[in-house]
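Each residue takes its place number in the sequence, starting with 1. All figures in this text were calculated on a predicted structure; none of them were measured in a lab.
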Amino acid sequence: MSFFFIDLGPMNRSASHTVTEFVLLGFPGCWKIQIFLFSLFLMIYILTLLGNGAIICAVRCDPRLHTPMYFLLGNFAFLEIWYVSSTVPNMLANILSKTKAISFSGCFLQFYFFFSLGTTECLFLAVMAYDRYLAICSPLHYPTIMTGRLCSTLVSLCWLIGFLGYPVPIFFISQLPFCGSNIIDHFLCDMDPLMTLSCAPATITETIFYAQSSLVLFLTIMYIFRSYTLLLRAVFQVPSAAGQRKAFSTCGSHLVVVSLFYGTVMVMYVSPTYGIPTLMQKIVTLVYSVMTPLFNPLIYSLRNKDMKLALRNVLFGMRIGKNL
């Protein structure tokens, strides 16, 4: 990786240390619009925390939900809380800030957590598709295959792979000289805006980063759609119309989330973004980084009868405790 320091010269090396912070422009608009956006994103953030937090409480408190599927859902809800928290709190503070500044280290720390948690989410979606495939296509073997040990191993691997994949490329990106403007026309520290501000080429690092991201996206989405194709084929063989409707409802809901998440992510990190207006890039990023963590509890869990009953019992128990 010695190419990073070729032809930089003393001026560029010293210039790389002059940028101590970046300015995140966020969303354009007057002060009234900024207040409206702050209120909107704060409400979405609170609802996301409450929805995913309720799922975690229900899974932990209700013994009937101590099954592989709900174990995965509980961990997925935990992941969504961290994923939305990697961007929204800073975005809220940035909206009200006059300087809209984020420190150099804070920017790259957000960059790392945002991509690591996003990668972990892709892996979680693939594991959950595998769980549903086994439950419907191999119901007799499901209890012996999807054991608690296997679930814990799969969850641990998702977190490990997600967080061990980006430290090296992001470290090398942070070592590039940023000797020009420090203004990022975005609401978070992302790959393209940071590379635009660098005054030295890093073709190899950029290629490795995008190849790694594309590989994770394509492998997981291909596996997810393969699982659901086999799953739907099994559903067609179910003689009961009610059973078919139930299975289609579950698969359809899951595929909506997968399509929404992967569709918007691929627009940003697989297809070229130079022809997409900056405002549209921000909106697309909002969809997969802020909106999907809000929708996932509704689609994956809160429509489930067992989950609804568990949530009702948890809330009812809390009310009884307060009355006592």
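Within the model, atoms CD of E121 and OG1 of T292 stand 5.5 Å from one another, a figure rounded to the nearest 0.5 Å. Here the CG-SG distance, from N52 to C57, works out to 11.0 Å after rounding to the nearest 0.5 Å. A distance of 5.0 Å separates CG of L231 from SG of C137, quoted to the nearest 0.5 Å. Of the inter-residue distances, the one linking L188 atom CG with I102 atom CD1 reads 9.0 Å to the nearest 0.5 angstrom. Separating the CG atom in L50 from the OG1 atom in T48 is a distance of 9.0 Å, to the nearest 0.5 Å. To the nearest 0.5 Å, atom CD1 of residue I173 and atom CD of residue E206 are 8.0 Å apart.
The list of side-chain hydrogen bond (donor to acceptor under 3.5 Å, both in side chains) pairs with a residue in residues 133-158, not counting sequence neighbours, reads D131-Y142.
Between L96 and W31 the shortest side-chain heavy-atom distance falls below 4.5 Å. In this structure the side chain of R64 reaches within 4.5 angstrom of the side chain of L309, judged on heavy atoms. In this structure the side chain of I44 reaches within 4.5 angstrom of the side chain of V290, judged on heavy atoms. Proximity of I56 to I81: side-chain heavy atoms (C-beta onward) are separated by under 4.5 Å at one or more points. Side-chain contact check for M266 versus F218: some heavy-atom pair is nearer than 4.5 Å. Side chains of R132 and S227 form no contact here, defined as non-hydrogen atoms less than 4.5 Å apart. When side chains are defined from C-beta on, R226 does not count as touching T229, because their heavy atoms never get closer than 4.5 Å. When side chains are defined from C-beta on, L219 does not count as touching Y223, because their heavy atoms never get closer than 4.5 Å.
The hydrophobic cluster containing F187 also contains L279, counting ILVMFWY residues as joined when their side-chain heavy atoms lie under 4.5 angstrom apart, directly or transitively. Under the 4.5 Å side-chain heavy-atom criterion for ILVMFWY residues, a single connected hydrophobic cluster contains both L230 and I221. Hydrophobic clustering, with ILVMFWY side chains joined whenever heavy atoms are under 4.5 angstrom apart, keeps L123 apart from W82. Transitive grouping of hydrophobic side chains (ILVMFWY, heavy atoms separated by less than 4.5 Å) brings I184 and I283 into a common cluster. Cluster membership for I161 and F76, using ILVMFWY side-chain heavy atoms within less than 4.5 angstrom, is not shared.
In this structure, F124 and W159 have perpendicular ring planes: the angle between them is above 60°, well past the 30° mark.
Between the side chain of N182 and the main chain of E21, a donor-acceptor pair closer than 3.5 Å is present. Proximity of a side-chain donor or acceptor of Q212 to a complementary backbone N or O of G165 within less than 3.5 Å is detected. A donor-acceptor pair under 3.5 Å links the side-chain atoms of T264 to the main chain of F261, judged by distance alone. Here the side chain of N94 pairs no donor or acceptor atom with the backbone of N90 at under 3.5 angstrom. Under the 3.5 Å distance criterion, the side-chain polar atoms of H186 are left unmatched by any main-chain donor or acceptor of K282. Looking at Q34, its side chain does come within 3.5 Å of a backbone N or O of F27 through a donor-acceptor pair. At distances below 3.5 Å, not a single donor-acceptor pair connects side-chain atoms of D62 with backbone N or O atoms of A58.
A side chain to side chain contact (heavy atoms under 4.5 Å, CB included) with Y166 is found for exactly one of F113, F114, Y112, F171, namely Y112. Only one option out of V88, L92, L47, I95 pairs with L42 in a side chain to side chain contact (heavy atoms under 4.5 Å, CB included); it is L92.
Shown here for L176 and S198, the closest heavy-atom pair between the two residues is CB-OG, 3.7 Å. Nearest heavy atoms, C122 versus L217: SG-CD2, 3.8 Å. Here the closest non-hydrogen pair linking I183 and L197 is O-CD2, 3.6 Å. When all heavy atoms are compared, the tightest approach of I145 to L134 is CG2-CD1, 3.7 Å. Contact record, P193 with D190: CD-O, 3.4 Å, taken as the closest heavy-atom pair. G162 approaches T119 most closely through the heavy-atom pair CA-CG2, 4.0 Å.
Judged purely by distance below 3.5 Å, without hydrogens or angles, the side chains of T220 and Y262 pair a donor atom with an acceptor atom. Inspection of the S85 and Y45 side chains reveals an N or O donor paired with an N or O acceptor under 3.5 Å. Checked by atom type, the side-chain pair E80/N296 shows a donor-acceptor distance below 3.5 Å. Side-chain contact annotation: Y210 with D192, donor-acceptor N/O pair under 3.5 Å present.
Checked against the 6.0 Å centroid threshold, F115 and F111 count as a close aromatic pair. A distance below 6.0 Å separates the ring centres of F178 and F22.
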Inset, instruction - List the steps, then state whether side-chain contact (heavy atoms from CB on, under 4.5 Å) holds for M191 with F209. - result: CA-CA 9 Å; M191 180 65 176; F209 186 91; 3.8 Å; yes
Inset, instruction - Let me see the working for C189 and L24 under side-chain contact (heavy atoms from CB on, under 4.5 Å), right down to the final yes or no. - result: CA-CA 8 Å; C189 294; L24 294 171; 4.3 Å; yes
